[in-house]
Amino acid sequence: MEETRTRWGVIFAALAMGVVAALHIGKVPPALPTLRADLGLGLVGGGFVLSMFSGLGMVLGLVTGGVADRIGRRRMTLAGYSLLVAGGALGAIATDLPVMLTSRALEGLGFMAVGVTMPGIVSEAASARDRPLALGLWSVFTPLGFAIALLSAPLALAVMDWRALWLGLAGLSALTLLALRPMLPLPAASAPATRSGFGQRLSDVLARPRLWLIAATFGAYAFQWVTLMAWLPTYLVDGLGFALAPASAVTALIVVVNVPGNIGAGALMRAGWPPRRIIGIGSTVMGITAAALFLGPEFGAAAGIGLCLLFSVAGGGIPAALFAQIPQASPSASHAGQANGMLMQGSATGQFLGPPLIGAAVTATGGDWSGAALLTALLARPMR
């Protein structure tokens with residue numbers, strides 16, 4: 001029987017929708033100094049603005065995945081993008097921390113809906129041979145969207161305030177949905193894959209120890225990578241003496257080098273490398289470089305940037321290796337949404353806890369960034 005051909009148009013449409021969703025993560029770090037001043041927030045409050053994006057995803061990843069399995073992926077995509085638009089619009093009119101956190105929670109839930117839906121679409125659109133590469137390509141959506149936002153947000157903020165930026169990205173999300181929704185496949189990818197109840201599918205997924213391990217590993221990775229990238233402009237300004245614009249540009253460069261790691265991991269798995277090897281190497285390098293960065297600011301700006309680049313490119317293979325394991329770790333293809341939801345829930349937990357905990361650790365050490373070293377090193381554990 002002839003192998004199904006890979007539908008690269010569907011895969012790139014899914015990637016584009018993921019990238020636009022990820023812009024809503026990357027818009028915050030460059031805007032955080034003026035946003036904090038406007039809303040009167042400290043470091044911890046600013047940390048929660050960064051992390052609340054993941055707050056609902058931390059507890060609703062499995063539920064979101066189950067809903068995607070039930071109502072279909074096209075409808076879930078529409079719901080996710082609607083939440084991104086609504087959250088961005090609400091954030092643009094926020095005048096205090098509670099409203100801003102509510103808007104970020106809505107955006108985060110929309111991002112979660114896209115995150116649990118698209119891997120199934122990518123997996124179904126790829127042939128068995130191309131699937132690891134396709135999922136590795138899909139996994140670049142977060143760093144690529146993050147980097148684009150970090151590069152473009154400072155330019156936008158030079159001519160508009162952060163509220164206009166929020167509205168602009170909400171509008172872009174709406175246009176993206178209208179433009180790319182027709183690319184998403186109608187048949188199997190949009191139909192509910194099973195008639196079994198939500199509770200039974202949830203039980204099936206939770207009974208898989210491998211899925212728990214994959215989710216926990218993604219959580220540890222997200223704690224380290226997303227937290228460092230979120231706070232990096234602030235660290236470069238406060239710890240290494242950068243101006244804000246160069247700090248944002250350097251952060252974007254460090255974020256974008258994560259992309260070759262994602263794609264390279266997909267190519268290595270396609271060539272036969274086991275995912276555990278990729279995760280083990282990435283986790284070890286991330287732990288060492290993060291500890292060196294926060295414990296040794298006296299190394300200077302060049303060494304600090306070099307450590308960050310190595311941290312990001314080495315860690316890039318971890319998401320690709322984790323996404324690639326979901327089809328085999330899931331009870332069946334009909335559990336794909338909830339299995340991906342469990343993976344994204346682990347990621348959201350790490351993203352939610354990381355920024356405020358790092359902010360609190362640095363505050364507790366009187367603004368000394370060495371307080372962040374222990375937390376990041378503890379999370380750098382290879383998958384067993």
Side-chain angles (χ1 to χ4, degrees), residues 21-59 83-112 145-146 148-173 226-239 242-245 247-248 251-252 255 348 351-364 366-367 369 371-372:
L23 295 176
H24 293 262
I25 307 176
K27 70 183 180 182
V28 175
L32 195 56
T34 55
L35 187 152
R36 283 175 54 202
D38 196 6
L39 301 183
L41 306 179
L43 273 177
V44 176
F48 274 111
V49 172
L50 290 166
S51 69
M52 184 52 72
F53 190 88
S54 307
L56 288 180
M58 182 175 66
V59 297
L83 288 168
L84 287 171
V85 173
L90 178 62
I93 61 172
T95 57
D96 54 30
L97 182 59
V99 175
M100 175 54 68
L101 293 183
T102 300
S103 78
R104 294 297 287 163
L106 291 175
E107 290 178 313
L109 191 55
F111 178 81
M112 175 66 66
F146 203 151
I148 292 171
L150 287 173
L151 285 170
S152 59
L155 299 176
L157 291 169
V159 297
M160 65 178 70
D161 65 10
W162 65 268
R163 297 179 187 277
L165 175 63
W166 258 237
L167 281 176
L169 287 179
L172 177 62
S173 298
V226 174
T227 300
L228 179 60
M229 298 308 123
W231 278 120
L232 193 54
T234 302
Y235 172 73
L236 291 174
V237 171
D238 294 348
F242 277 63
L244 180 58
S248 294
T251 301
V255 169
Q351 292 179 52
F352 178 81
L353 295 175
L357 284 178
I358 293 296
V362 173
T363 299
W369 284 88

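Here CG of D38 is found 6.0 Å from CH2 of W162. Values are rounded to the nearest 0.5 Å. The CG atom of L236 sits 5.0 Å away from atom OG1 of T251, with the distance rounded to the nearest 0.5 Å. Rounded to the nearest 0.5 Å, atoms CZ (R104) and CD1 (I25) are 8.0 Å apart. Of the inter-residue distances, the one linking L106 atom CG with H24 atom NE2 reads 12.0 Å to the nearest 0.5 angstrom. The CG atom of L23 lies 7.0 Å from the OG atom of S173; values are rounded to the nearest 0.5 Å. Here CG of L90 is found 11.5 Å from CG of L83. Values are rounded to the nearest 0.5 Å.
The closest side-chain heavy-atom distance from L97 to L39 is not below 4.5 Å. Contact of the V49 side chain with the V28 side chain is registered, since non-hydrogen atoms from C-beta on lie closer than 4.5 Å. Here the side chains of L41 and M100 are not in contact, with every heavy-atom distance at 4.5 Å or above.
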When you look at I148 and L151, which way does the side-chain contact (heavy atoms from CB on, under 4.5 Å) test go after all the steps? CA-CA 5 Å; I148 292 171; L151 285 170; 6.0 Å; no
Go through it in stages, so that I can follow the logic: the residues are T34 and D161, the test is side-chain contact (heavy atoms from CB on, under 4.5 Å), and I'd like the CA-CA distance, side-chain angles, deciding distance and then a yes or no. CA-CA 9 Å; T34 55; D161 65 10; over 6 Å; no
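For A153 against L165, the heavy-atom pair with the smallest separation is CB-CD2, 4.0 Å. Closest approach of A170 to A89, counting heavy atoms only: CB-N, 4.2 Å. Between G26 and P29, the shortest heavy-atom contact is O-CD, 3.4 Å. Heavy-atom minimum distance, A149 versus P154: O-CD, 4.1 Å. Taking each heavy atom of L167 and A92 in turn, the nearest pair found is CG-CB, 3.6 Å. Here the closest heavy-atom approach between residue W166 and residue A31 is recorded as CZ3-CB, 3.9 Å.
Under the 3.5 Å distance criterion, the side-chain polar atoms of R163 are matched with a main-chain donor or acceptor of A94.
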